[in-house]
Amino acid sequence: MSADLKTDPIVQMEKIVSLCKRRGFIYQSSEIYGGIGGFWDYGPLGAELKRNLREAWWRTMTREREDVVGLDATIIMHPNIWKASGHVDTFSDPMADCLLTQKRFRADHVDLQSGMVFKFTGATGDEGSKSDVPFAVLVQPGKPRESALKVAKQFYELRAVKNPVPTGGETGEKVENTRAYNPENGAQLTEPRPFNLMFRTYVGPTATDADMAYLRPETAQAIFAQFKNVFDSSRVKVPFGICQIGKAFRNEVTPKNFTFRSREFEQMELEFFIKPDEAVEIISGEVAQWSEGADLTEPQPNWGWQLWHRYWVDQRTKFYQSIGLGDVLEYYWQTPDDLAHYARACVDILCQFPFGTEELEGIAARGDFDLSQHMKHSTKTQEVFDEDLKNAAAKLTPEQKEALIQKRLAAEASKAKGEPTPEADVRAWFERLFKGSYVPHVIEPSAGLDRLALAVIAKAFSETEKVDEKGKKEVITVLRLHPRIAPIKAGVFPLLKNKPELVAKAREVYALLKKHMNCFYDETASIGRRYARQDEAGTPFGITVDFETLGEKGPELQDTVTVRERDSNEQHRIKISELLGWLQARL
RNA sequence: GCGGGUGUAGCUCAGUGGUAGAGCACUUCCUUGCCAAGGAAGAUGUCGCGCGUUCGAAUCGCGUCACCCGCUCCA
């Protein structure tokens, strides 16, 4: 008798956090010193799980492909990289809070207002209560001082002044186009404070501004910054990709949802470089268009950015399916309004967590924005030379060339976001293109490893209520991790520990498997309890050495073991000589 | 950064001013022929941290840190 337990999301998360700590998946960083917000450590099982996920990604993204190579770049890089990428500007939003309601605003997004400002110097109240805190209120033109007084009274009441009588502010002061007051109630906002999400540090001992550097807020920029080196040293040809796994750091205002949004996290990113659509058109005579149900299994020479983008969404989906997340994925296609000005398309792959459906990976078509930015800021060319393109372009008539240019100019003119590129720049770009040179465009599948680890744990977490023969209720916790990513692949047990023959044989089986996969040997407590311990750790297989193994039930069962499957409780009789192959076929 | 909540053993939690507790987990031994069995013994705590009030603080006050929820933020 068992039944699935459905609990509310908060309780569900608490249970997952508790299991993670109890079994050694995830601990709070620096816990003995009271912890540090937004940082998490991985314990023995968590480290194995994360390593398995990381290796599954690496294998899928580069080792099993001919067209992707790897990179391992530093966390601290030249600060100008972050100027070129836009992070220095866009990662520092000025924020201001309403002094009355504490509501927070992006200081540069508050609606412009005009009106009369009444400035109060403080307030006195009953029982000698008073405040010297200055406060100001903006009221619409023509409105009386009383409406400002009303807001000011609320403000001073919050500061423990009883029946406050605000002082000062006898006459209003005309103000135009200000962002310093809350549009909802007129109350003064705090001074804008910058919130830069990049961690700063200093390179060298002097710690002056000239030595300031940032911890990378994403791994992608290192790939762009090293693009030319990889291209020149790796015998790769566009289309090809560079992938990287590494730590990134963001000084989040509010880390939340366990490891989902933390300040130090690990990213797995691919930058897949493709030819501009115009180059594809020149070489192939056309750019294939995507339509529902298009065959995405094998990349084709006539693919433009759109099909490449679809291809990578498909590839990434298959990856998630291969580690057991297939049925909890959702997709969000960003609308033209959502998109950053340089992005052509972006799809978020979302995953169901107890706290909601949240982003696991973003797959963006970013054009040539990043490489062009680095080309501009570094003054080093990021162009590649494409011989096929040069030869194909040489065969074009002047009219055909002009037609391509006109098509692009028309597209620029009808662009939804940003300024159209000036005609002279477009013509210069085509001039280079016809000679076979261009800055590659890029498709960027960018995934978070820590959220992936959390996603698979949350997906695998399962509780059932069991009632035993005595009517005693028990909650059974099983982590149904996909065998491919499970931290421990098999538990090895002697049926009984007081029988030396069983123990010796079990140690032998353990030694045999241990060279090939992470295993766990356990001889304490009843066999059922040992199965249950491994169920909680997500171990997919339990291997028990019993009396049949010793040949007590006849020679045909000698040197066979019981293999018990975590999810079904099914048992199989497997020869020790075939055990390794049997397991490997299922991982 | 603001507001609310929480913080006691590895985990879940009880303990409202007077000797620090329970269940599970853990260690050792016995027992145990397949799904968290039983018995015996044992170890485990700066009661998140600091300051204060008090003869005496896990308990009351102030501060602080962390986590959760809600705002806000998330190129």
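Just so we're on the same page: letters track the sequence lines, and every chain starts at 1.
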Can you say whether the rings of [X] and [Y] are parallel (under 30°), tilted (30 to 60°) or perpendicular (over 60°)?
X: A:F227; Y: A:F273; result: tilted
X: A:F353; Y: A:F355; result: parallel
X: A:H572; Y: A:W582; result: tilted

Query - Base B:rG38 paired with A:S526 side chain (donor-acceptor, <3.5 Å) - result: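 No, no donor-acceptor pair under 3.5 Å.
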Report task. Report yes if a donor N or O on one partner sits less than 3.5 Å from an acceptor N or O on the other, where the partners are the side chain of A:R564 and the base of B:rC35; otherwise report no. Result ->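 Answer is yes: a donor-acceptor pair is held.
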Assign [X] to base, sugar-phosphate, or nothing according to its heavy-atom contacts below 4.0 angstrom with the strands shown.
X: A:E14; result: nothing
X: A:F493; result: nothing
X: A:L495; result: base
X: A:I476; result: base
X: A:K499; result: nothing
X: A:G38; result: sugar-phosphate
X: A:E552; result: base
X: A:Q571; result: base
X: A:S29; result: nothing

How close or far is atom [atom2] of [N] from atom [atom1] of [X], stated in whole angstroms?
X: A:N569; N: B:rA36; atom1: CG; atom2: P; answer: 10 Å
X: A:F260; N: B:rC68; atom1: CZ; atom2: P; answer: 13 Å
X: A:I527; N: B:rG38; atom1: CD1; atom2: P; answer: 17 Å
X: A:Y33; N: B:rU46; atom1: OH; atom2: P; answer: 14 Å
X: A:R22; N: B:rC13; atom1: CZ; atom2: P; answer: 12 Å
X: A:K21; N: B:rA9; atom1: NZ; atom2: P; answer: 9 Å
X: A:L197; N: B:rU72; atom1: CG; atom2: P; answer: 17 Å
X: A:L496; N: B:rC30; atom1: CG; atom2: P; answer: 13 Å

Under 4.0 Å between a Lys/Arg side-chain N and an Asp/Glu carboxylate O for [X] and [Y]?
X: A:D522; Y: A:R529; value: no
X: A:R22; Y: A:E536; value: yes
X: A:E463; Y: A:K15; value: yes

Of the candidate nucleotides [options], which contains the atom at the shortest distance from the side chain of [X]?
X: A:K466; options: B:rC68, B:rC67, B:rA36; value: B:rA36
X: A:K256; options: B:rG33, B:rG70, B:rU31; value: B:rG70
X: A:Q28; options: B:rG1, B:rA36, B:rA66; value: B:rA66
X: A:F258; options: B:rC71, B:rC68, B:rC67; value: B:rC68
X: A:F547; options: B:rA36, B:rC69, B:rG33; value: B:rG33

Query raised in the report: With a centroid cutoff of 5.5 Å and a plane-angle limit of 30°, would you call A:Y531 stacked on B:rA36?
Result: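 Stacking between A:Y531 and B:rA36: absent.
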Scan every strand shown for a Watson-Crick or G-U wobble partner of [N], both distances under 3.5 Å, and answer none if you come up empty.
N: B:rA40; result: B:rU28
N: B:rC51; result: B:rG61
N: B:rG17; result: none
N: B:rG3; result: B:rC69
N: B:rU46; result: none

Query raised in the report: Tell me, do A:Q28 and A:I36 make a side-chain contact under 4.5 Å, heavy atoms counted?
Result: no
Taking only the side-chain nitrogens and oxygens of [X], find out if one of them lies under 4.0 Å from OP1 or OP2 of [N].
X: A:N498; N: B:rC29; answer: no
X: A:R529; N: B:rA25; answer: yes
X: A:R533; N: B:rC26; answer: yes
X: A:S18; N: B:rC11; answer: no

Query - Pairwise P distance, B:rU46 and B:rG10 [rounded to whole Å] - result: 8 Å
